[in-house]
Amino acid sequence: MNNNLILIDTHCHLNSQEYRANIPEFLQRANDSGVSRFVIVGCDLNDSIEAVNLCEKYSGVNRELYASIGIHPHDAKNFPEIPSEFHELAANQYTIAIGEIGLDFHYDNSPREIQVSMFRKQLDFANELNKPVILHIRDAFRESWEILREGKYANLKLLFHCYSGGLEYFDEICSRENTLCALGGAVTWKNSSELHEIAKRIPIEKLVLETDCPYMTPAPFRGKINEPSYVKLVYEKISELRNISLEDLAAKINLNFQKFFFI
């Protein structure tokens, strides 16, 4: 391992049941691959509580764990309001964002009007707290972007997790202040030509990388459980596509991460 290489998994679900029995092993494998910064993302109340708890338990001198708290659009139907516990969770030193939140019109696990209502409530919550937002948008980019373009959200920092806007929205997203696009395991798949084009075109200062583990496992491990150590495969693919060294890419993404979440 290159000891100077600092890789970041900006979106992982170590609070999922797949990891609970062996979290130290997954974290050690990640560290061995150069991954030392992690954002554990919440999708409902219990998930968000666990994200914060994991940060408190496993953060250390050579490992930075951060939490994001939110109600996923799939779970919006179960929460008529933002849980009151979110106020305390948001004040925790490890909580750096609100998310993942957004709209998912692919699965429609929650009625669309309920998704929109909870999305707006959480955007307002993020605005009040001056915290960045981690977005989940699937088959609802037009509807989401219409909301996000509203003036009251103009100063929100937006991270488009698993960017799905394609080339149609790409230029407008990149021209907006305070936005990042995250690419993950799908960029390593053979039939991802549009993602490859986006990976080449995106301004380097707008880019971060992620696993979304346990989902979206990169090649050559598709079909197996994803884990934070595999974010190195995403870095390597982006390095290849952009003709940039792994070390330079990692340094740029570290800077993007720092500016977005902490400045």
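Numbering of residues begins at 1 and proceeds along the displayed sequence.
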side-chain hydrogen bond (donor to acceptor under 3.5 Å, both in side chains) between Arg20 and Asn15: does it pass, once the steps are laid out?
-> CA-CA 7 Å; Arg20 288 192 179 115; Asn15 43 356; over 6 Å; no
Work out which heavy atom in Tyr107 is nearest to a heavy atom in Arg138; give both atom names and the distance.
-> CE1-NH1, 3.3 Å
Euclidean distance, Glu143 CD relative to Glu146 CD, rounded to 0.5 Å | 6.5 Å
Spacing of OG belonging to Ser36 relative to CG belonging to Leu27, to within rounding of 0.5 Å | 11.5 Å
From His11 NE2 over to Ile134 CD1, what is the distance, rounded to the nearest 0.5 angstrom?
-> 6.5 Å
What residues form a side chain to side chain donor-acceptor pair (under 3.5 Å) with Asp139, not counting sequence neighbours?
-> His106
Same cluster (ILVMFWY, side-chain, under 4.5 Å), Leu89 and Tyr94 = no
Return the set of residues passing ring-ring contact (aromatic ring centres under 6.0 Å, His included) with Phe119 (not counting sequence neighbours), or none when no residue passes.
-> none
Hits for ring-ring contact (aromatic ring centres under 6.0 Å, His included) against Phe125, two or more places apart or cross-chain, chain-then-number order -> His87
At their closest point, which heavy atom of Ile69 faces which heavy atom of Ala90, and how far apart are they?
-> CD1-N, 3.7 Å
Shared hydrophobic cluster, Met216 / Tyr230 (ILVMFWY, side-chain heavy atoms < 4.5 Å) | no
Heavy-atom closest pair, residues Ile8 and Tyr235 = N-OH, 3.0 Å
Scan side-chain atoms only and decide if His13 and Glu100 contain a donor-acceptor pair under the 3.5 Å cut-off.
-> yes
Here the gap from Ile198 atom CD1 to Leu183 atom CG, rounded to the nearest 0.5 Å, amounts to 7.5 Å
Can you list every ring-ring contact (aromatic ring centres under 6.0 Å, His included) pair that touches residues 45-70, not counting sequence neighbours?
-> Tyr66-Phe262
Ile137 vs Arg142, side chain to side chain contact (heavy atoms under 4.5 Å, CB included): CA-CA, chis, key distance, verdict = CA-CA 10 Å; Ile137 301 172; Arg142 177 180 58 80; over 6 Å; no
Phe141: partners by ring-ring contact (aromatic ring centres under 6.0 Å, His included), with sequence neighbours left out | Phe160, Tyr163, Tyr169
When you check the side-chain N and O atoms of Glu88 and Asn92, is any donor under 3.5 Å from an acceptor?
-> no
Residues that, via side-chain heavy atoms closer than 4.5 angstrom, fall in one hydrophobic cluster with Ile263 = none
Qualifying residues under salt bridge (Lys or Arg N to Asp or Glu O under 4.0 Å), relative to Glu18, sequence neighbours excluded | none
May I ask you to test the Arg37-Leu65 pair for a side-chain heavy-atom distance under 4.5 Å?
-> no
Between Ile204 and Leu249, what is the shortest heavy-atom contact and its length?
-> CD1-CD1, 3.8 Å
Step through the shown structure and confirm whether more than 12 heavy atoms of other residues, nucleotides or ligands are within 6.0 Å of NZ on Lys77.
-> yes
Side-chain ion pair, Lys252 and Asp248, N-O less than 4.0 Å | no
Which residue pairs pass the side-chain hydrogen bond (donor to acceptor under 3.5 Å, both in side chains) test with at least one member in residues 122-135, sequence neighbours excluded?
-> Asp124-Tyr153
Less than 4.5 Å apart, any side-chain heavy atom of Asp75 and any of Ser110?
-> no
Heavy-atom side-chain proximity of Ser33 to Leu7 below 4.5 angstrom = no
ring-ring contact (aromatic ring centres under 6.0 Å, His included) partners for Phe170, two or more places apart | none
Common cluster, Ile23/Val231, ILVMFWY with side-chain heavy-atom separation under 4.5 Å = yes
Start with the C-alpha gap between Asn254 and Gln258, add the side-chain angles, then the distance that decides, and say whether side-chain hydrogen bond (donor to acceptor under 3.5 Å, both in side chains) holds.
-> CA-CA 6 Å; Asn254 244 311; Gln258 194 70 26; over 6 Å; no
Can you sort out the partners of Glu150 under salt bridge (Lys or Arg N to Asp or Glu O under 4.0 Å), two or more places apart, ordered by chain and number?
-> Arg120
Flag the pair Arg176 and Glu172 as a salt bridge only when some basic side-chain nitrogen lies within less than 4.0 angstrom of an acidic carboxylate oxygen.
-> no
Dump the intermediate steps for side chain to side chain contact (heavy atoms under 4.5 Å, CB included) on Leu148 and Leu135, then the final yes or no.
-> CA-CA 11 Å; Leu148 293 167; Leu135 295 163; 3.8 Å; yes
CD of Glu113: more than 12 outside heavy atoms within 6.0 angstrom?
-> yes
Apply salt bridge (Lys or Arg N to Asp or Glu O under 4.0 Å) to Arg201 and list each qualifying residue two or more places apart in sequence or on a separate chain.
-> Asp171
Return yes when atom NZ of Lys190 has more than 12 non-hydrogen atoms of other residues, nucleotides or ligands closer than 6.0 Å, and no otherwise.
-> no
Heavy-atom closest contact (Pro228 atom, Ala30 atom, distance) | CB-CB, 4.0 Å
Under the side-chain hydrogen bond (donor to acceptor under 3.5 Å, both in side chains) criterion, do His72 and Asp44 qualify, and how do the steps go?
-> CA-CA 6 Å; His72 193 285; Asp44 60 20; over 6 Å; no
Do we see a donor-acceptor contact under 3.5 Å between the side chains of Asn109 and Gln115?
-> no
Any pair with a residue in residues 213-226 that passes side-chain hydrogen bond (donor to acceptor under 3.5 Å, both in side chains), sequence neighbours left out, goes on the list, sorted by first then second residue, please.
-> none
Starting from the C-alpha separation in whole Å, work towards a yes-or-no answer on side chain to side chain contact (heavy atoms under 4.5 Å, CB included) for Cys181 and Leu207.
-> CA-CA 5 Å; Cys181 294; Leu207 180 64; 5.7 Å; no
Nearest 0.5 Å, what's the CG-CD1 distance between Leu233 and Ile238?
-> 12.0 Å
When rounded to the nearest 0.5 angstrom, what distance separates CZ in Arg63 from SG in Cys55?
-> 11.5 Å
For residues Leu103 and Ala140, report the shortest heavy-atom separation together with the two atoms involved.
-> CB-CB, 3.8 Å
Are Lys206 and Thr179 close enough that some pair of their side-chain heavy atoms sits under 4.5 Å apart?
-> yes
